[in-house]
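Below: the structure, in structure tokens.
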Amino acid sequence: MRPNDRKYTKSHEWVKISGDTAIVGITDFAVQELCSGNEGDLVYCDLPEPGRTLEAGETFGEIESVKAVADLNTPVAGTVAEVNVAIEEHLEILSKDPFQEGWMIKLSPKPKNLDELDLLDAAGYEEHLSAEKH
Amino acid sequence: METWRLLRTFDAEPGFNMGLDEALLEGTDERPTLRLYTWRPAALSLGYFQRLAELSPVARAWPLVRRLTGGGAIHHENELTFSIAAPLDHALYRGEVAESYLRVHARIARVLATCGVVAEPRGARRLDSDDDTSAMCFHRSTSIDLAWNGAKGVGSAQRRKAGRVLHHGSIKLATSALEGPIATVADAGTSLSPAAFAERLVAVWEADGTTFEAEEPSATELAHAQARAGWFSSPAFLERR
């Protein structure tokens with residue numbers, strides 16, 4: 001079971017509220033899709049500069065594996081407050097710990113309550129993954 | 001039988017080629033689209049994240065574009081280029097990226113077999129065409145790349161965006177000035193034009209159960225491609241890295 005202290009998107013991002021901050025990353029499933037368990041297959045990650053304002057669903061960055069470039073989309077609107085620059089140099093973090101150390105951006109979110117948004121809880125995300133596999 | 005859309009756009013300008021693929025990626029057609037195309041003039045395309053400075057001065061002298069897809073540089077000469085645009089939940093693309101490559105490559109290998117080419121995923125071996133110092137796609141290989149005669153013969157890369165995928169590929173009919181000793185269809189003694197190879201591909205995929213509806217790009221797609229053509233060869237995009 002994935003962490004139930006956050007919400008998920010069908011496109012495999014997660015968002016967690018911590019105080020006045022929304023923390024955004026991608027799930028282990030997204031990482032697995034890109035690199036099939038070979039952490040060395042992740043080759044580049046482009047994250048935004050702090051201060052950028054994002055709408056919900058907007059692309060905030062891109063990640064490249066050996067065989068695919070994929071967009072990174074924010075589940076919530078807000079202004080980028082902090083970026084996990086360590087990822088850009090150490091992409092293996094995403095394979096090892098996508099839900100904690102592998103966070104990507106911290107936002108000052110417009111909505112403070114994720115329940116207002118059309119997002120999945122952990123159980124709903126698991127159900128979505130099961131449906132996607134079939 | 002599954003119905004796909006088929007576009008043939010031969011001898012198109014490099015920036016237009018990238019613009020039309022972008023239009024297909026951003027499109028809404030639920031049918032998968034197979035686009036078969038060639039380039040005039042022959043051009044070199046950079047991978048989306050590739051540094052321009054990686055290219056040799058000789059390579060940089062060719063007409064240049066940057067692709068939306070990742071990977072290394074490709075010299076689009078003596079090849080059939082293909083793109084597939086489809087919803088990400090299509091059976092060909094569902095699940096891990098690597099598995100989707102194997103499915104697409106299996107379809108291409110069946111076409112190559114009609115030319116006498118026995119193409120297989122590279123697996124764990126190292127290829128004679130591998131060169132760690134080269135910026136060229138065909139000089140870098142992964143276990144899922146199609147190879148024959150100890151060299152890489154099909155280059156491909158994907159872009160995944162907003163629930164859709166664009167899969168680019170280059171099938172080498174003969175080698176190019178910048179790619180040297182790579183695997184080509186000509187290795188098997190089969191000399192085919194890109195258009196002739198394209199017809200074989202369509203025939204084999206149809207025999208495998210795909211029905212193609214041959215169309216021209218829509219007015220909307222053409223307008224997008226023409227409006228965006230300049231961007232893909234612009235200094236701003238080429239020098240983004």
Side-chain angles (χ1 to χ4, degrees), chain A residues 8-13 26-49 54-75 87-89 91 94-95 98 118 120 125 127-134, chain B residues 21-22 25-26 45-51 54 66-72 84 86-105 121-122 124 137 140-146 152 154-169 240-241:
Chain A
Y8 299 84
T9 67
K10 290 181 179 177
S11 53
H12 313 299
E13 292 93 5
I26 61 174
T27 69
D28 58 318
F29 183 88
V31 175
Q32 176 70 18
E33 269 199 326
L34 283 167
C35 68
S36 300
N38 303 312
E39 64 182 32
D41 280 4
L42 292 177
V43 292
Y44 198 80
C45 184
D46 195 15
L47 296 174
E49 293 293 324
L54 297 165
E55 295 300 320
E58 187 175 346
T59 299
F60 68 79
E62 291 147 336
I63 188 165
E64 181 177 25
S65 72
V66 169
K67 282 298 178 188
V69 177
D71 286 3
L72 303 167
N73 304 311
T74 175
I87 288 176
E88 295 178 339
E89 296 298 320
L91 284 155
L94 292 173
S95 297
D118 183 22
L120 303 170
Y125 183 63
E127 282 177 27
H128 171 67
L129 293 184
S130 296
E132 199 170 76
K133 287 174 184 168
H134 295 99
Chain B
D21 279 340
E22 183 178 58
L25 172 63
E26 296 179 1
S45 72
L46 276 169
Y48 186 73
F49 277 118
Q50 197 167 19
R51 290 184 190 281
E54 285 181 42
R66 188 182 285 280
R67 299 189 307 272
L68 291 172
T69 53
I84 299 170
L88 261 178
D89 61 2
H90 186 271
L92 208 51
Y93 289 101
R94 201 176 296 152
E96 294 180 9
V97 171
E99 291 172 357
S100 71
Y101 271 88
L102 292 171
R103 289 190 283 264
V104 172
H105 284 173
R122 185 206 71 175
C137 167
R140 306 170 176 182
S141 65
T142 69
S143 62
I144 53 179
D145 282 320
L146 275 182
K152 181 171 171 178
V154 176
S156 54
Q158 292 182 11
R159 178 65 183 248
R160 292 172 170 233
K161 183 183 184 72
R164 287 180 63 82
V165 59
L166 175 71
H167 188 137
H168 265 152
R240 71 183 287 270
R241 277 179 56 76

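Numbers restart at 1 for each chain; the letters A, B, ... are given by sequence-line order, proteins then strands. Since the model is a prediction, treat every value here as computed from it, not as a measurement.
- Contact count versus chain A (heavy atoms, under 4.5 Å) is highest, among Gly95(B), Ala157(B), Ala98(B), Gly71(B), for Gly95(B).
- Heavy-atom distances place both the backbone and the side chain of Phe49(B) under 4.5 Å from chain A.
- Interatomic distance, Thr142(B) OG1 to Asn38(A) CG, rounded to the nearest 0.5 Å: 10.0 Å.
- For Ser11(A), no part sits under 4.5 Å from any heavy atom of chain B, backbone or side chain.
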One pair to check against side-chain contact (heavy atoms from CB on, under 4.5 Å): Gln32(A) and Glu96(B). What are the steps and the verdict? CA-CA 7 Å; Gln32(A) 176 70 18; Glu96(B) 294 180 9; 2.7 Å; yes
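- Atom CG of residue Asp89(B) and atom NZ of residue Lys10(A) lie 11.0 Å apart, to the nearest 0.5 angstrom.
- Atom OH of residue Tyr48(B) and atom CD of residue Glu64(A) lie 10.0 Å apart, to the nearest 0.5 angstrom.
- Annotation: the span from Glu99(B) atom CD to Glu33(A) atom CD amounts to 9.5 Å, rounded to 0.5 Å.
- Ile144(B) touches chain A through its side chain: at least one heavy atom from C-beta onward sits under 4.5 Å away, while N, CA, C and O do not.
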Given the rule in the salt bridge (charged side-chain N to carboxylate O under 4.0 Å, His left out) test, do Asp145(B) and Lys67(A) qualify, once you have shown the distances and angles that lead to the verdict? CA-CA 10 Å; Asp145(B) 282 320; Lys67(A) 282 298 178 188; 2.8 Å; yes
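- Although no hydrogens or angles enter the test, the distance criterion places no donor-acceptor pair under 3.5 Å between the side chain of Lys161(B) and the main chain of Val69(A).
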Run the side-chain contact (heavy atoms from CB on, under 4.5 Å) check on Arg241(B) and Asp46(A) step by step: do they pass? CA-CA 11 Å; Arg241(B) 277 179 56 76; Asp46(A) 195 15; over 6 Å; no
